[in-house]
Amino acid sequence: MLNTDKLILFLLLFSSWVCFVVATVSYDHKAIIINGQRKILISGSIHYPRSTPEMWPDLIQKAKDGGLDVIQTYVFWNGHEPSPGSYYFEDRYDLVKFIKLVQQAGLYVNLRIGPYICAEWTFGGFPVWLKYVPGIAFRTDNEPFKVAMQKFTEKIVSMMKAEKLFETQGGPIILSQIENEYGPVEWEIGAPGKAFTKWAADMAVGLGTGVPWIMCKQEDAPDPVIDTCNGFYCENFEPNKVYKPKMWTENWTGWFTEFGGSVPYRPAEDVAFSVARFIQNHGSFINYYMYHGGTNFGRTAGGPFIATSYDYDAPIDEFGLIREPKWGHLRDLHKAIKLCEPALVSVDPTVTSLGTNQEAHVFNSKSGCAAFLANYDTKYSVKVNFGNVQYDLPRWSISVLPDCKTVVFNTARLSAQSSQKYMMPAGSALSWQSYVEETASSDDSDSTTLNGLLEQTNVTRDATDYLWYMTVVYIDEGEGFLKNGQYPLLTIYSAGHALNVFVNGQLSGTVYGSIDNPKLTFSENVKLTAGVNKISLLSVVVGLPNVGLHFETWNAGVLGPVTLKGLNEGTRDLSGQKWSYKIGLKGEALNLDTISGSSSVEWVEGSSLAQKHPLTWYKTTFDAPAGNDPLALDMSSMGKGQIWINGQSIGRHWPGYIAHGSCGDCDYAGTYTENKCRSNCGEPSQKWYHLPRSWLNPSGNLLVVFEEWGGDPTGISLVKRTVGSVCSDIFEGQPTLQNSNILSSGKVKIMRPKAHLSCPSGQKISKIQFASYGMPQGRCGSFREGSCHAHRSYDAFERNCIGKQSCSVTVASEVFGGDPCPDSVKKLSVEALCS
């Protein structure tokens, strides 16, 4: 071999050895340490099955553009192992592909294997077959459960190792999680819970991933596992050992939507405040749950009663569009935190009081000085003195000073663009055909007859939402009426979640529970006749439970008692007599959601179209709309059921369940809870259902809807999600990182603030809808002039912005023709139409 060749071989071997040695992940009390370097890590949750593979690259890139370092995801056991030993890792469940896309974008991964995940996902991510393993008890010191859990955990870890996806192998995974929010469960069950915690930790660490393991909400997480915090705020959390870093695995950016509930949202100012407060209290890892929530396609929503939309008021909305101003405000916060990083990872903060509800957290080290000035007062803004300089602190806010002198960001001052998004018609009216589902009867050949009432999931194994309970009631001549002329009273007690009651083929009524109380009672006078009466009960589940102590023991379906009152013998208990069972719907068995299946029955249309009729299937075809705007179905004219497009399940629809709760103006200041800020009161909890573009063909798309209650399909429309206008709302003199320069000395120089406007790609600013420099009121979409207004407020925007995709205008009095109200704090509000 030539000496040159030997040298090349040596260098290759040496470089491989160096990479192997350097590629390490560890931790100390300050931070996660990657390849010898402490890092402040900003993470966001994106769940791969809640979007489509075609959406993944764009979602990941938007997360990176938003300042994220890490993508966090659960691993969805029931999606990956639908039956014992039969694995599925394709399409939306292609975990390896998702992780590699994250790696290609230059981001890290926090892999939350669980395998219990909660996540408002049906059965908490457990496959239903797990419930029927002999002798099993979930999430405790139970041998059958531990065997199954270890087998799946090993399966995932071995896959990751085989694909070289751990950081120590050159991959992006820097953290793994075992179990999930187990601390409260352990506290309830005691010693078996403690034994399970230790076993789970030891099992995980023994798999030798080369990266740290975490347990969230687990105060007794055994070494070397790191315990972490979940919640709306985690500034006061401390890990269970002084040598572990302070980590926040779930900062809830909003809350999930439930059918029947109003829609929660969380102000961007409060999310930013919670993050800055955590970082100033020496936190070093923060994950947004969710950063993109996505959609509970198919029957994956848990709860029960979790909606199909899992938008979560996240920085990237359900449709994959940036939610403004939340996304931009947090992006600017991340930039500010990164400017502070050298000081943050070097020393612990010194805390100094600046007033009754104000304090400074200062990180002063050889690497630099960073300060956080906090005002915890929910009512009053204040002026404070720090470093012989006076600073204005808005209420419930934190200012970030990367050089301990210059404010580059304040959590309560939004400088990021906001926008108004609309649902616009996408295509012409749909032409529908209908097919009425037959009411099941005990005479059906595919029914099974047994004595007594059976639990629903035990019968269906969750292969469908639907189970028919059927029985026969014999009435002697003259026995069918009460003395006062009323029909007999039929009372049914069910463990939920919804129930349609048919007597002799006719719908007698529908009842349904709620997320707070899924159990329900039907009690109505029903028309019975002399002789044979057929009672058919269609019991419907709306997702299996995903959280709770031993939720595998919880029941669903008609468990009784079922009684008839008013007959000659008094009250007749039907619970113990013969009941027939039929799993699912005829339309499901015929695969009516597919082109081949739909051709197996006779559909009607025109004047014969069934409307407001229970148990009805509807179908139509349409061509894919032009453009790239996200698509949805407006289902507000329907009641309850399911939707399919080209055989793919969009999910459950339930616009007939009107949202309850209290809605109104929401002040960002003060402690947030999931009940604080709500919208949609008196409206459907969800009326728009995401229709992924990648599921569409250019033409001839088959849309199928099953309606349980009765609705008007002619009211269903295809809509597109589009940006109608963009806004900027910014105070004069406000610090903004978009207008700051980092000097060679490392110091920060703040320029005068600018109002930035940017329409989506392919759109341009066509009109300035509103502009006011002075004291404007309102918010994007509803601005109005205040007590002070510069009459030339429009000029600069009309001159600089019309016809452009983006523009910026300096916020200063001379730009708008002078100061309209001297000695007053002024701001600029502007709204521009995009077209």
Side-chain angles (χ1 to χ4, degrees), residues 28-32 38-42 67 228-229 231-239 242 244-248 251 269-286 329-330 332-378 380-413 669-671 735 737 740 746-748 750:
D28 62 14
H29 82 289
K30 287 299 299 173
I32 295 294
R38 288 174 177 158
K39 289 183 177 291
I40 301 294
L41 294 171
I42 310 296
T228 68
C229 184
F232 291 115
Y233 307 95
C234 279
E235 67 276 0
N236 294 322
F237 165 79
E238 293 295 338
V242 295
K244 295 179 182 179
K246 182 171 177 172
M247 300 176 64
W248 190 358
N251 181 355
E269 299 97 323
D270 185 65
V271 179
F273 175 77
S274 70
V275 173
R277 197 171 183 180
F278 181 74
I279 295 295
Q280 75 174 11
N281 282 274
H282 64 86
S284 61
F285 178 99
I286 162 71
H329 192 52
L330 295 176
D332 294 344
L333 170 62
H334 304 155
K335 290 180 181 178
I337 291 172
K338 290 299 183 179
L339 290 175
C340 302
E341 185 175 37
L344 295 176
V345 299
S346 299
V347 295
D348 292 329
T350 299
V351 183
T352 305
S353 174
L354 300 176
T356 304
N357 287 305
Q358 297 80 36
E359 61 186 15
H361 291 242
V362 180
F363 298 77
N364 198 351
S365 72
K366 295 179 181 179
S367 302
C369 184
F372 293 72
L373 308 184
N375 178 15
Y376 306 127
D377 199 299
T378 61
Y380 300 107
S381 299
V382 297
K383 296 182 183 294
V384 299
N385 289 305
F386 173 73
N388 297 319
V389 178
Q390 190 175 76
Y391 295 89
D392 293 318
L393 294 183
R395 61 198 180 99
W396 197 254
S397 77
I398 295 175
S399 290
V400 182
L401 293 68
D403 58 359
C404 284
K405 297 178 182 178
T406 312
V407 176
V408 300
F409 183 87
N410 178 272
T411 60
R413 288 285 184 254
T671 302
L737 274 168
S740 63
K747 295 183 178 180
V748 182
I750 296 293

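- Residues A343 and S365 share a closest heavy-atom pair of CA-OG, 3.9 Å.
- Using a 4.5 Å cut-off on side-chain heavy atoms (C-beta onward), I337 and L344 make contact.
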*Step by step, would you call N410 with S399 a side chain to side chain donor-acceptor pair (under 3.5 Å)?*
CA-CA 4 Å; N410 178 272; S399 290; 2.8 Å; yes
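- Residues Y391 and L401 meet the side-chain proximity criterion, which asks for heavy atoms closer than 4.5 Å.
- For the atom pair OG1 of T228 and CZ of F237, the computed distance is 6.0 Å after rounding to the nearest 0.5 Å.
- Counting heavy atoms from C-beta on, the side chains of L41 and M247 never come closer than 4.5 Å.
- A donor-acceptor pair is defined here as one N or O able to donate and one able to accept, closer than 3.5 Å; no such pair exists between the side chain of T352 and the backbone of A360.
- Smallest separation of non-hydrogen atoms from A336 and P402: O-CG, 4.3 Å.
- A side-chain donor-acceptor contact under 3.5 Å links R395 to the backbone of T378.
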*For H329 and V271, what are the C-alpha separation, side-chain angles and deciding distance, and is it a side-chain contact (heavy atoms from CB on, under 4.5 Å)?*
CA-CA 9 Å; H329 192 52; V271 179; over 6 Å; no
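- Here the shortest heavy-atom pairing between G67 and I42 reads O-CB, 3.9 Å.
- When every heavy atom of N375 is checked against every heavy atom of S381, the shortest pair comes out as ND2-CA, 4.0 Å.
- Between F278 and W248, the ring planes are tilted. Angles from 30° to 60° get that label.
- Side chain of T411 to main chain of A272: no donor-acceptor pair is present (N/O by atom type, distance under 3.5 Å, no hydrogens or angles).
- Residues N251 and F232 fail the side-chain proximity criterion, which asks for heavy atoms closer than 4.5 Å.
- When atom types are taken as modelled, the side chain of K246 and the backbone of I279 share no donor-acceptor pair closer than 3.5 angstrom.
- Side chain of N357 to backbone of Y376: no donor-acceptor contact under 3.5 angstrom is found.
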*Show the numbers, then the answer: is there a ring pair (Phe, Tyr, Trp, His ring centres under 6.0 Å) between H334 and F409?*
CA-CA 10 Å; H334 304 155; F409 183 87; 9.1 Å; no
*Starting from the C-alpha separation in whole Å, work towards a yes-or-no answer on side-chain contact (heavy atoms from CB on, under 4.5 Å) for K39 and E341.*
CA-CA 7 Å; K39 289 183 177 291; E341 185 175 37; 4.0 Å; yes
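- Looking at residues two or more places apart in sequence or on another chain, you find a disulfide (SG to SG under 2.5 Å) between C229 and C234.
- Just one of K30, H29, E238, H361 meets the side chain to side chain donor-acceptor pair (under 3.5 Å) condition when paired with H282; it is E238.
- Using a 4.5 Å heavy-atom threshold, the side chains of P394 and R413 count as touching.
- Listed for the R277 side chain is no donor-acceptor partner under 3.5 Å among the backbone atoms of E235.
- Among residue pairs with one or both ends in residues 354-367, none qualify as salt bridge (charged side-chain N to carboxylate O under 4.0 Å, His left out); sequence neighbours excluded.
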*Evaluate the side-chain contact (heavy atoms from CB on, under 4.5 Å) criterion for residues V382 and D377: first the C-alpha distance (whole Å), next the side-chain angles of each, then the deciding distance (0.1 Å), finally the verdict.*
CA-CA 9 Å; V382 297; D377 199 299; 5.7 Å; no
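- A pairwise comparison of heavy atoms in S367 and P342 identifies CB-O, 3.6 Å as the closest pair.
- Here the closest non-hydrogen pair linking Y233 and G670 is OH-O, 3.7 Å.
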*Begin from the C-alpha positions of V347 and N364 and carry the test side-chain contact (heavy atoms from CB on, under 4.5 Å) through to its verdict.*
CA-CA 7 Å; V347 295; N364 198 351; 5.7 Å; no
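- The side-chain heavy atoms of V362 and C369, taken from C-beta on, include a pair separated by under 4.5 Å.
- Here the CG atom belonging to L373 is positioned 9.5 Å from the CD1 atom belonging to I398, to the nearest 0.5 angstrom.
- For D270 (side chain) and W396 (main-chain N/O), no donor-acceptor pair under 3.5 Å exists by modelled atom type.
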